[in-house]
Number of protein chains: 2
Amino acid sequence: MRRKEGTGVPTIYDVARECGVAPSTVSRALSQPGRVSAATSERIHDVAAKMGYQANPLARYLPTGRTETIVLIVSDIANPVYFPVIRGAEQAAAAAGYTLVLSDIDESPDRERQVMEKLVRTVDGFALATSRLSDAAIRAIARRRPMVTMNRVTQQVPSVVPDNEQGMRHAAEHLAELGHRRVTYVAGPQASWANTVRWRSLRAVGEQLGFKIRRIGPYAPTVSGGWAAAADLVTWGQRSGSGGRAGTGAPRATTTAVIAYNDLLAIGAIQGLTDVGLTVPRDVSVVGCDNILGSDWCTPALTTLAAPLRELGAASVRHLVAMIAGSDTRPRRPVVLPSQLIVRESTAAPRPA
Amino acid sequence: MRRKEGTGVPTIYDVARECGVAPSTVSRALSQPGRVSAATSERIHDVAAKMGYQANPLARYLPTGRTETIVLIVSDIANPVYFPVIRGAEQAAAAAGYTLVLSDIDESPDRERQVMEKLVRTVDGFALATSRLSDAAIRAIARRRPMVTMNRVTQQVPSVVPDNEQGMRHAAEHLAELGHRRVTYVAGPQASWANTVRWRSLRAVGEQLGFKIRRIGPYAPTVSGGWAAAADLVTWGQRSGSGGRAGTGAPRATTTAVIAYNDLLAIGAIQGLTDVGLTVPRDVSVVGCDNILGSDWCTPALTTLAAPLRELGAASVRHLVAMIAGSDTRPRRPVVLPSQLIVRESTAAPRPA
DNA sequence: GTGAAAGCGCTAACAG
DNA sequence: CTGTTAGCGCTTTCAC
């Protein structure tokens with residue numbers, strides 16, 4: 001393992017020799033402007049540029065332990081809800097001089113744990129978009145590296161979340177104004193904190209409004225999960241031969257309105273309902289959550305709860321960067337961002353019984 | 001910078017001391033099974049586990065230079081077309097024991113260059129999903145690190161691409177069968193290789209079929225780009241006060257069929273066309289490319305060219321991993337994967353003039 | 001089979 | 001302001 005001269009890429013030793021200075025001077029000139037005389041500094045920069053010198057990041061990180069990299073972990077990259085989150089995070093990271101790497105765990109807590117375990121020593125911090133881990137597991141990693149969570153509140157871990165309570169209130173009131181009394185919550189993954197909070201908020205608000213509230217699921221937070229939910233949302237009359245499925249009568253929805261954990265589920269439910277011959281919103285109103293790309297081009301266009309996703313990503317990364325820098329400006333309590341109900345065409349008054 | 005005892009995480013020195021062996025033995029026991037006696041090896045593993053020892057990846061990478069990480073660069077993470085590509089790549093990477101990190105460059109060649117420059121020393125290889133760089137720039141990086149490109153053919157750089165020629169032929173023949181004679185290609189980014197190839201293929205096939213072919217654009221490969229294209233696709237009659245826009249007559253499409261660079265553009269075009277009062281497919285047929293999530297839930301459901309995206313990602317990563325491993329099984333020529341036309345509802349016979 | 005020791009390339013005391 | 005010198009934690013010869 002003797003240092004091979006001229007083999008491959010130049011190091012500070014090479015440019016030091018070329019300039020007739022010590023390697024440490026090169027290091028200083030290149031990374032601590034001002035700690036070296038202008039003349040030598042300039043010469044070093046020139047020679048370095050001429051030789052095509054570029055610091056070996058691995059070597060640079062070893063002594064300091066800092067990689068200027070943070071990782072954003074999303075539970076399912078195939079969910080458009082993350083686009084704005086990612087964009088916001090990227091922008092904030094770039095602004096702070098950090099490289100953002102993205103990791104997708106495909107809804108698997110095991111993969112999430114693996115990824116974090118593998119990365120914990122090589123990144124400066126973690127931003128979790130929608131963790132599927134237990135609070136304890138999250139806290140364990142948070143003790144080893146700065147971390148901020150989104151859509152999730154865990155004791156002792158800074159977080160930024162959309163205002164689910166307020167959002168659910170808006171959605172429920174919208175339905176109430178339309179005249180609905182029976183609403184069904186279509187649940188997403190049990191490991192999802194947002195799922196729990198949304199259901200809890202909806203139930204609370206629903207009781208105040210005098211709704212008959214129920215929950216079905218959990219379902220995968222995907223379009224096909226929505227189809228499955230749709231199947232569970234209808235009953236079939238007993239009269240046979242009426243043109244429906246063999247031996248069964250016409251389909252009937254068991255609810256007049258549904259609120260789904262997310263837009264994908266809502267869109268799938270609309271498709272499934274439509275497929276059995278029901279009409280949205282005439283037979284059943286449906287509202288989604290997230291306002292994803294495409295929620296405006298499905299038919300009927302989806303009424304949905306929009307969270308400030310881009311800001312969610314950006315704010316999280318800003319906090320994370322501050323934590324890494326060691327500042328103690330980090331919020332002691334969750335940062336709550338307002339949600340907004342976007343009314344489109346998938347909700348309407350229930351038809352008279 | 002003296003080594004601090006007991007401060008923080010355990011190193012091989014700590015477990016070596018604890019076991020009464022040399023650090024090098026610990027290293028061997030942990031990474032080169034068989035080069036250490038079974039007894040000591042077992043003891044070392046036990047102690048390491050007990051102490052919660054985990055190798056410092058940074059330190060491990062320094063001497064070897066290998067990080068067991070590859071990066072997948074996509075031009076725009078907000079384009080659903082990448083979902084399957086990413087999934088395929090992830091799976092192949094995981095299967096080979098590599099960590100895949102994802103990087104989004106937001107359609108910016110500058111950002112792409114920056115990202116690659118920053119990562120070139122810290123990753124073992126590059127997979128470029130849809131590079132916006134020049135051939136020369138790509139080759140420059142490819143000389144420094146193993147690389148494979150998708151949707152792009154560059155001399156001397158292994159690549160895997162969908163069969164654009166065959167795909168465009170399918171699309172054109174479909175339109176011809178429907179009775180179309182005038183087709184307009186709605187172009188995407190000029191820096192996109194696929195854009196160039198699709199247009200060229202379409203033009204060639206179109207000539208064979210006796211089409212009147214033209215191209216408009218370039219447009220941003222997004223839904224709003226599609227709206228812009230739609231605006232360029234219609235003319236307004238001169239009769240005023242006919243209920244259209246102030247001072248203008250009814251809108252008329254300048255073509256009977258359009259093929260768009262991608263689905264986002266196609267969907268935006270449908271929206272824009274519909275917005276001015278035209279009907280798809282009655283007034284104009286539109287076909288997209290990619291078969292993205294949501295292309296089946298827009299109205300009308302999009303006829304589109306589907307590439308084997310998941311396999312695109314997986315095959316690329318498999319080749320990349322082989323290159324990193326130093327094998328020379330890498331393909332000398334582009335790997336071409338078949339495309340498939342998915343006929344839905346956005347195409348129909350043109351209406352009689 | 002195991003230990004000693006020399007790096008990997010850079011940073012950061014500590015002198016001068 | 002600049003040179004000297006230890007490391008960062010691990011891998012890998014080279015001996016024994």
Side-chain angles (χ1 to χ4, degrees), chain A residues 1-45 47-48 51-68 118 120-122 124, chain B residues 1-45 47-48 51-68 118 120-122 124:
Chain A
M1 299 194 87
R2 201 150 299 284
R3 182 178 298 130
K4 40 219 165 190
E5 306 259 337
T7 292
V9 288
T11 71
I12 41 172
Y13 292 91
D14 298 318
V15 352
R17 193 177 336 104
E18 194 73 13
C19 292
V21 299
S24 54
T25 303
V26 175
S27 171
R28 274 191 288 257
L30 263 23
S31 47
Q32 308 185 45
R35 309 253 301 102
V36 163
S37 82
T40 35
S41 178
E42 188 179 350
R43 191 152 44 89
I44 290 173
H45 275 95
V47 172
M51 299 179 74
Y53 168 81
Q54 278 177 294
N56 178 336
L58 257 29
R60 160 141 51 195
Y61 303 151
L62 220 210
T64 62
R66 305 194 52 235
T67 59
E68 285 156 11
K118 173 148 191 190
V120 70
R121 304 286 293 273
T122 49
D124 292 348
Chain B
M1 301 194 82
R2 200 149 301 284
R3 182 178 296 129
K4 39 220 170 201
E5 305 259 338
T7 292
V9 288
T11 70
I12 42 173
Y13 292 91
D14 298 316
V15 352
R17 193 175 338 101
E18 194 73 12
C19 291
V21 299
S24 52
T25 303
V26 175
S27 171
R28 274 190 287 257
L30 263 24
S31 46
Q32 309 184 45
R35 308 254 300 103
V36 163
S37 82
T40 35
S41 178
E42 188 178 352
R43 191 152 44 89
I44 290 173
H45 274 97
V47 172
M51 298 179 77
Y53 168 80
Q54 279 178 293
N56 178 337
L58 257 28
R60 158 140 53 193
Y61 303 151
L62 221 209
T64 62
R66 304 197 51 236
T67 58
E68 286 157 11
K118 174 151 191 190
V120 70
R121 306 286 293 272
T122 50
D124 292 349

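Reminder, nothing fancy here: chain letters follow the sequence lines and each chain counts from 1.
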- Are the side chain of B:Ser41 and the backbone N or O of B:Ser37 linked by a donor-acceptor pair below 3.5 Å? no
- Query: Backbone N or O of A:Arg66 within a donor-acceptor pair of the A:Arg60 side chain at under 3.5 Å?
  - Reply: no
- Quick one: pull up CZ in B:Arg121 and OG1 in B:Thr67 and give me the separation to the nearest 0.5 Å. 12.0 Å
Taking the side chain of [X] as its heavy atoms from C-beta onward, which of [options] lies nearest to it?
{"X": "B:Thr25", "options": "C:dC8, C:dC10, C:dG3", "result": "C:dG3"}
{"X": "A:Ala59", "options": "D:dC10, C:dC10, D:dG3", "result": "C:dC10"}
{"X": "B:Ser37", "options": "C:dT2, D:dT11, C:dG9", "result": "C:dT2"}
{"X": "B:Arg60", "options": "D:dT11, C:dT11, C:dT2", "result": "D:dT11"}
{"X": "A:Leu62", "options": "D:dC8, D:dT2, C:dT11", "result": "D:dC8"}
{"X": "A:Ala22", "options": "D:dT4, C:dA12, D:dT11", "result": "D:dT4"}

Grab the two heavy atoms, one from [X] and one from [Y], that are nearest each other, plus how far apart they are.
{"X": "A:Ala29", "Y": "A:Ile44", "value": "CB-CD1, 3.8 Å"}
{"X": "B:Tyr53", "Y": "B:Thr11", "value": "CE1-C, 3.5 Å"}
{"X": "B:Ala59", "Y": "B:Pro63", "value": "O-CD, 2.9 Å"}
{"X": "A:Arg43", "Y": "A:Val21", "value": "NH2-CG1, 4.5 Å"}

[N] [atom2] sits how many Å from [X] [atom1], rounded?
{"X": "B:Arg17", "N": "C:dT2", "atom1": "CZ", "atom2": "P", "answer": "20 Å"}
{"X": "A:Glu42", "N": "D:dT2", "atom1": "CD", "atom2": "P", "answer": "13 Å"}
{"X": "B:Tyr61", "N": "C:dC10", "atom1": "OH", "atom2": "P", "answer": "19 Å"}
{"X": "A:Ile12", "N": "C:dG7", "atom1": "CD1", "atom2": "P", "answer": "16 Å"}
{"X": "A:Arg66", "N": "C:dT11", "atom1": "CZ", "atom2": "P", "answer": "13 Å"}
{"X": "A:Leu30", "N": "D:dC1", "atom1": "CG", "atom2": "P", "answer": "17 Å"}
{"X": "A:Asn56", "N": "C:dG9", "atom1": "CG", "atom2": "C1'", "answer": "6 Å"}

- When all nucleic acid strands are considered with a 4.0 Å heavy-atom cut-off, which category describes B:Ser27: base, sugar-phosphate, or nothing? base
- Polar pair under 3.5 Å, donor/acceptor by atom type, side chain A:Tyr13, base C:dC8: no
- Message: With a 3.5 Å cut-off and heavy atoms only, can you find an N or O donor on one side and an acceptor on the other between the side chain of A:Ser24 and the base of D:dT4?
- Response: yes
- Query: Quick one: are B:Asp14 and B:Met51 in side-chain contact, heavy atoms under 4.5 Å?
  - Reply: yes
Any protein N or O atoms within reach of nucleotides 14-16 of chain C? Criterion: under 3.5 Å, listing atom names and distances.
none

- Item | Bending between helix ends of the helix from C:dG1-D:dC16 to C:dG16-D:dC1 [5 pairs per end, 10° resolution] | 40°
- Item | All side-chain hydrogen bond (donor to acceptor under 3.5 Å, both in side chains) counterparts of B:Ser24, not counting sequence neighbours | none
- Task: Take atom CD of B:Gln32 as the centre, draw a 6.0 Å sphere, and report whether it contains more than 12 heavy atoms from other residues, nucleotides or ligands.
- Result: yes
- Query: Distance check: side-chain N/O of B:Thr40 vs OP1/OP2 of C:dT2, anything under 4.0 Å?
  - Reply: yes
